[in-house]
Amino acid sequence: MIRDKMFGRTVSGFGSKAKRTAASPYVSFPDISTLTIDSDFATMQIDGSNFSYPTALAVGTTKLVVPLATVLSLGGDTNLLTYDYDTSTTLSTGTASPTAGDMADDGSSNEQTAIRGACFSFNGQYLYVAGQGDSNRVIRFELNTPYDLGDIATQNHTVQLGTAMNALQGIAILGDGTKFYAMRSTSGAVGQVIEYALSTPYDLTTRSVTRTVNAAYTGNFSGGFAVDIAIAPDGSSFIVGSLGGSASAGYQTILDQWPLTNGDITPISGTSGRVSANFSKNLGNTFDTSGNDSEVYSQGFNFNPGGDALILCSVHMDDGPSGSSNQWHVTRWT
């Protein structure tokens with residue numbers, strides 16, 4: 001088991017000769033409007049006629065966990081799929097099927113079937129899965145092997161965020177495990193983000209609300225709603241994603257980024273320092289079998305553990321059999 005680590009703390013004491021600061025394992029993430037798509041592009045798919053679209057994305061060093069909107073019968077109830085994908089390097093274009101699957105439940109028959117958020121702790125020891133069912137329950141999987149959903153120690157650590165997080169759409173955790181974030185997207189609270197302090201790192205049962213803000217996101221076009229959040233491991237950037245439009249008019253997936261200090265989300269309630277970029281139609285028809293990028297949208301994205309890349313999971317609704325897709329596409333942006 002990996003032990004929790006605290007990064008970037010200043011060490012000092014009575015009679016100390018000098019202060020020493022541990023080097024952070026993370027990098028400060030750049031302006032998202034300057035990002036370009038890497039050469040790697042992976043088509044992820046589920047076998048057979050099953051179809052469900054991804055609603056979130058948890059990113060590990062060599063693993064991706066893709067939560068699904070509906071429960072599939074893939075040798076048992078499944079709404080979490082694991083794919084092998086090295087997020088620290090560029091890869092060749094390829095197609096991959098899941099290497100593992102699981103159901104988002106707490107081991108006591110409490111299932112989360114309406115998943116809308118997922119993230120790893122940045123040491124890979126825990127996977128958090130959240131959704132809109134069961135009073136907005138968050139399930140924490142403790143993993144024997146970092147980032148590997150196929151090697152679970154326990155999954156009975158759960159909390160309910162309650163009505164304050166109705167219409168939950170995304171979750172995130174700070175790199176050192178001392179802060180947790182959840183976002184809702186409903187009338188009067190679209191893009192509302194709650195910041196929780198964790199008195200015991202990574203333990204959601206020790207949470208207390210420190211800030212609640214309404215994100216001033218740009219995705220307020222027709223039919224728009226906030227779909228996911230992500231925080232850079234070093235706490236320097238916070239991203240809110242929003243989706244709007246339609247198949248006929250074209251989808252729009254907008255990411256808004258704010259610079260933060262120590263994971264304090266206060267800036268996202270305003271536009272100062274905000275950077276926005278459209279990640280809907282930048283994939284190019286090369287990756288769309290029907291040549292129609294208006295059908296592309298993303299509901300899940302996250303930083304890789306080192307914080308130097310942003311990974312997006314996008315649905316191409318015109319791919320796959322009968323016009324509905326049993327595949328999605330994952331891209332890496334640096």
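Quick note: residue numbers are just sequence positions, from 1. All values reported here derive from a predicted model rather than from experimental measurement.
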Can I get a per-line list of side-chain donor-acceptor pairs under 3.5 Å for residues 269-277, giving both atom names and the distance, sequence neighbours left out?
from: Ser269; atom 1: OG; to: Thr266; atom 2: O; distance (Å): 2.8
from: Arg274; atom 1: NH1; to: Ala216; atom 2: O; distance (Å): 2.0
from: Ser276; atom 1: OG; to: Asp256; atom 2: OD1; distance (Å): 2.3

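- In this structure, the side chains of Val138 and Phe180 come closer than 4.5 Å at one or more pairs of heavy atoms.
- Evaluation of the salt bridge (charged side-chain N to carboxylate O under 4.0 Å, His left out) rule for Arg211 yields Glu195, Asp264 as partners, not counting sequence neighbours.
- Counting all heavy atoms, side chain and backbone alike, Ser298 lies closest to Ser314 at CB-OG, 3.6 Å.
- Scanning for side-chain hydrogen bond (donor to acceptor under 3.5 Å, both in side chains) contacts around Thr113 gives an empty result, with sequence neighbours left out.
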Distance-only criterion, 3.5 Å: show the donor-acceptor pairs between side-chain atoms of residues 158-171 and protein atoms not counting sequence neighbours.
from: Thr158; atom 1: OG1; to: Arg137; atom 2: NH1; distance (Å): 2.6
from: Gln160; atom 1: NE2; to: Asp134; atom 2: O; distance (Å): 3.1
from: Gln160; atom 1: NE2; to: Asp134; atom 2: OD1; distance (Å): 3.2
from: Asn166; atom 1: OD1; to: Asn136; atom 2: ND2; distance (Å): 3.0
from: Gln169; atom 1: OE1; to: Gln132; atom 2: NE2; distance (Å): 3.0

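- Tyr202 is listed as a side-chain neighbour of Asn123, based on a closest heavy-atom distance under 4.5 Å.
- Residues Asp228 and Met183 share a closest heavy-atom pair of N-CE, 3.5 Å.
- Residue pairs meeting the ring-ring contact (aromatic ring centres under 6.0 Å, His included) criterion with at least one member in residues 54-73: none, sequence neighbours excluded.
- Residues that satisfy the ring pair (Phe, Tyr, Trp, His ring centres under 6.0 Å) test with Tyr181, not counting sequence neighbours, are Phe238.
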Practice task
Please test Asp151 against Leu143 for side-chain contact (heavy atoms from CB on, under 4.5 Å), starting from the C-alpha separation and ending with a verdict.
Solution key: CA-CA 6 Å; Asp151 191 9; Leu143 308 176; 6.0 Å; no
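- Screening residues 152-170 for salt bridge (charged side-chain N to carboxylate O under 4.0 Å, His left out), with sequence neighbours left out, gives no hits.
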Exercise for the section: With side-chain contact (heavy atoms from CB on, under 4.5 Å) as the test, would you mind laying out the steps for Thr331 and Leu312 before giving the verdict? Expected result: CA-CA 5 Å; Thr331 51; Leu312 272 77; 3.8 Å; yes
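- Evaluation of the side-chain hydrogen bond (donor to acceptor under 3.5 Å, both in side chains) rule for Glu111 yields no partner, not counting sequence neighbours.
- Partners of Asp105 according to the side-chain hydrogen bond (donor to acceptor under 3.5 Å, both in side chains) rule, which considers only residues two or more places apart in sequence or in another chain, are Gln155.
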Side chains of residues 71-80: which donor-acceptor partners sit under 3.5 Å, not counting sequence neighbours?
from: Thr78; atom 1: OG1; to: Gly76; atom 2: O; distance (Å): 3.2
from: Asn79; atom 1: OD1; to: Ala104; atom 2: N; distance (Å): 3.0
from: Asn79; atom 1: ND2; to: Gln112; atom 2: O; distance (Å): 3.0

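- Residues Cys313 and Val66 come closest through the heavy atom pair SG-CG1, 4.4 Å.
- Every residue was checked against the side-chain hydrogen bond (donor to acceptor under 3.5 Å, both in side chains) condition with Thr62, not counting sequence neighbours, and none meets it.
- Here ring-ring contact (aromatic ring centres under 6.0 Å, His included) pairs that include residues 130-149, with residues two or more places apart or in two chains, are Phe120-Tyr147.
- With no hydrogens or angles considered, a side-chain donor-acceptor pair links Thr178 and Asp176 at under 3.5 Å.
- Note: Phe29 and Phe303 have perpendicular aromatic rings, judged against thresholds of 30 and 60 degrees for the angle between ring planes.
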Handout entry: Stepwise side-chain contact (heavy atoms from CB on, under 4.5 Å) test for Leu204 and Tyr196
Key = CA-CA 9 Å; Leu204 300 189; Tyr196 303 88; over 6 Å; no
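- Rounding to the nearest 0.5 angstrom, the gap separating the CG atom in Leu310 from the CG atom in Asn302 is 8.0 Å.
- Ile311 contributes atom CD1, which lies 12.5 Å from atom CZ of Phe301 (distance to the nearest 0.5 angstrom).
- Met103 and Ile115 are assigned to two separate hydrophobic clusters, defined by single-linkage of ILVMFWY side chains at heavy-atom distances under 4.5 Å.
- Taken from CG in Leu255 to CD1 in Ile32, the straight-line distance is 5.0 Å, to the nearest 0.5 Å.
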